[in-house]
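Naming convention: chains lettered A, B, ... in sequence-line order (proteins, then strands); numbering from 1 in each chain. Since the model is a prediction, treat every value here as computed from it, not as a measurement.
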There are 2 protein chains.
Amino acid sequence: MSTGSEIPIALRTAYLALHRRSEARFAEYGVTADQFVVLATLAREGHALTQRELARRISSDPSTVRAMLVLLEEQKLVERCTHPTDARARSVALTTKGMRAYRRLWTAGEPIRAQMLDALAPGEEKRLVRLLTKITDALTPERVPVGAATSSESQGDQP
Amino acid sequence: MSTGSEIPIALRTAYLALHRRSEARFAEYGVTADQFVVLATLAREGHALTQRELARRISSDPSTVRAMLVLLEEQKLVERCTHPTDARARSVALTTKGMRAYRRLWTAGEPIRAQMLDALAPGEEKRLVRLLTKITDALTPERVPVGAATSSESQGDQP
DNA sequence: TATTGTTATACTCTATAACTATA
DNA sequence: TATAGTTATAGAGTATAACAATA
């Protein structure tokens with residue numbers, strides 16, 4: 001019964017478990033799980049990003065990103081300079097303190113990542129990521145391939 | 001680089017894509033994606049649940065569930081009666097209107113579920129659900145199997 | 001004109017702690 | 001004593017719309 005409901009339920013349950021574990025883990029550092037995602041995105045990128053670009057990367061929107069950055073800026077973990085070539089934009093980067101915090105947080109999160117990997121057989125990590133990416137692509141309007149109409153005619157969703 | 005970070009990122013991205021699509025879809029019915037989960041849980045169960053049990057099912061906590069139920073009750077979609085055998089507990093059930101709303105919402109969500117399934121090859125749905133369940137079990141303290149220490153010694157997380 | 005970001009505003013979800021009432 | 005739920009409270013993320021400055 002309830003065809004197709006298993007993936008949404010399993011996806012939600014797994015994500016919330018991860019989110020809650022991360023939240024608890026990062027709390028003593030005064031950072032939320034979502035704020036960690038911002039720090040990690042900036043750290044992995046290695047250079048400054050505009051707020052718009054940052055919003056895209058973390059699946060959020062400019063208004064939300066601003067709210068998060070204000071909180072991170074209060075903690076001196078990020079700084080927002082005027083963009084060198086576009087005076088409208090803001091160039092967001094980690095401060096030295098932010099970089100240090102990110103590295104501590106990354107280490108703090110290690111047990112969580114290890115628990116997930118330990119639960120999987122060799123090759124399953126890659127397989128899971130591949131399947132999740134398929135789901136993301138299927139649900140993200142911008143990335144919908146042109147000839148995507150396969151078996152079901154029941155989309156009627158894209159403009 | 002950044003060993004083990006792919007699953008968290010892919011999981012978060014996929015979940016947020018699903019959540020956002022669902023939110024947009026259900027908005028015209030005046031219901032959020034999370035509220036839909038409550039309705040769906042009650043509908044699938046077929047009988048009333050206590051608030052505590054409901055919280056467990058939807059990966060939430062009693063305080064949050066109460067807030068959600070108050071909103072759903074204002075819309076007359078659920079009702080909370082005193083539990084027949086435990087006077088402390090509340091027995092939460094869908095109203096007739098709630099059941100109708102749930103069925104409409106289920107239909108409204110069909111295209112989203114279809115898009116996900118269309119993106120997967122035969123057998124991949126089951127495989128994805130199985131992998132996500134493994135992740136959930138690995139991250140959920142209550143469900144941690146006793147002899148769970150496999151390859152990594154870096155847990156140090158469970159009490 | 002289109003785009004980047006800000007501001008104001010509002011709502012939902014989340015969660016802790018102190019509390020009441022039952023078991 | 002332990003449990004179910006409420007209340008108060010706070011904060012974080014989310015999002016829309018109107019706006020300013022810049023491209």
- prompt: Of the non-hydrogen atoms in B/Thr136 and A/Ala14, which two are nearest, and what is the gap between them?
  reply: OG1-CA, 3.2 Å
query: Between A/Gly4 and B/Leu117, which heavy-atom pair has the shortest distance, and what is it?
result: CA-CD1, 3.9 Å
Expressed as a whole number of angstroms, how long is the span from [X]:[atom1] to [N]:[atom2]?
X: B/Phe26; N: C/dT12; atom1: CZ; atom2: P; value: 16 Å
X: B/Leu49; N: D/dG5; atom1: CG; atom2: C1'; value: 15 Å
X: B/Phe36; N: C/dC13; atom1: CZ; atom2: P; value: 14 Å
X: B/Arg90; N: C/dT20; atom1: CZ; atom2: C1'; value: 13 Å
X: A/Arg52; N: C/dA2; atom1: CZ; atom2: P; value: 14 Å
X: B/His19; N: D/dA15; atom1: NE2; atom2: C1'; value: 13 Å
X: B/Arg20; N: D/dT16; atom1: CZ; atom2: C1'; value: 14 Å

Categorize [X] for me: base, sugar-phosphate, or nothing, with a 4.0 angstrom heavy-atom threshold over every strand shown.
X: A/Ala87; answer: sugar-phosphate
X: B/Asp61; answer: base
X: B/Thr32; answer: sugar-phosphate
X: B/Arg66; answer: base

Of the listed nucleotides [options], the one nearest the side chain of [X]:
X: A/Gln35; options: D/dA15, D/dT3, D/dG13; result: D/dG13
X: B/Thr50; options: D/dT3, D/dG5, C/dT14; result: D/dG5
X: A/Thr64; options: C/dT14, D/dT14, D/dT6; result: D/dT14
X: B/Ser63; options: D/dG5, C/dG5, C/dA15; result: C/dA15
X: B/Arg88; options: C/dT14, D/dT3, D/dT14; result: D/dT3
X: B/Ser60; options: C/dT6, D/dA15, C/dT14; result: C/dT14

task: Drop me the distance from A/Cys81's SG to A/Glu79's CD, to the nearest 0.5 angstrom.
output: 4.5 Å
message: With nearest nucleotide decided by heavy atoms, which residue, A/Thr85 or B/Leu16, maps closer to the 5′ end of DNA chain D?
response: B/Leu16
message: Below 30° counts as parallel, above 60° as perpendicular, anything between as tilted: where do the rings of B/Trp106 and B/Phe36 land?
response: parallel
task: Name the residue closer to the 5' end of DNA chain C, choosing between B/Ile58 and A/Gln51 according to the nucleotide with the nearest heavy atom.
output: A/Gln51
- prompt: With the threshold set at 4.0 Å, does a side-chain nitrogen-carboxylate oxygen contact exist between A/Glu124 and B/Lys134?
  reply: yes
message: Please tell me if A/Arg80 has a side-chain N or O lying less than 4.0 Å from either OP1 or OP2 of C/dT6.
response: yes
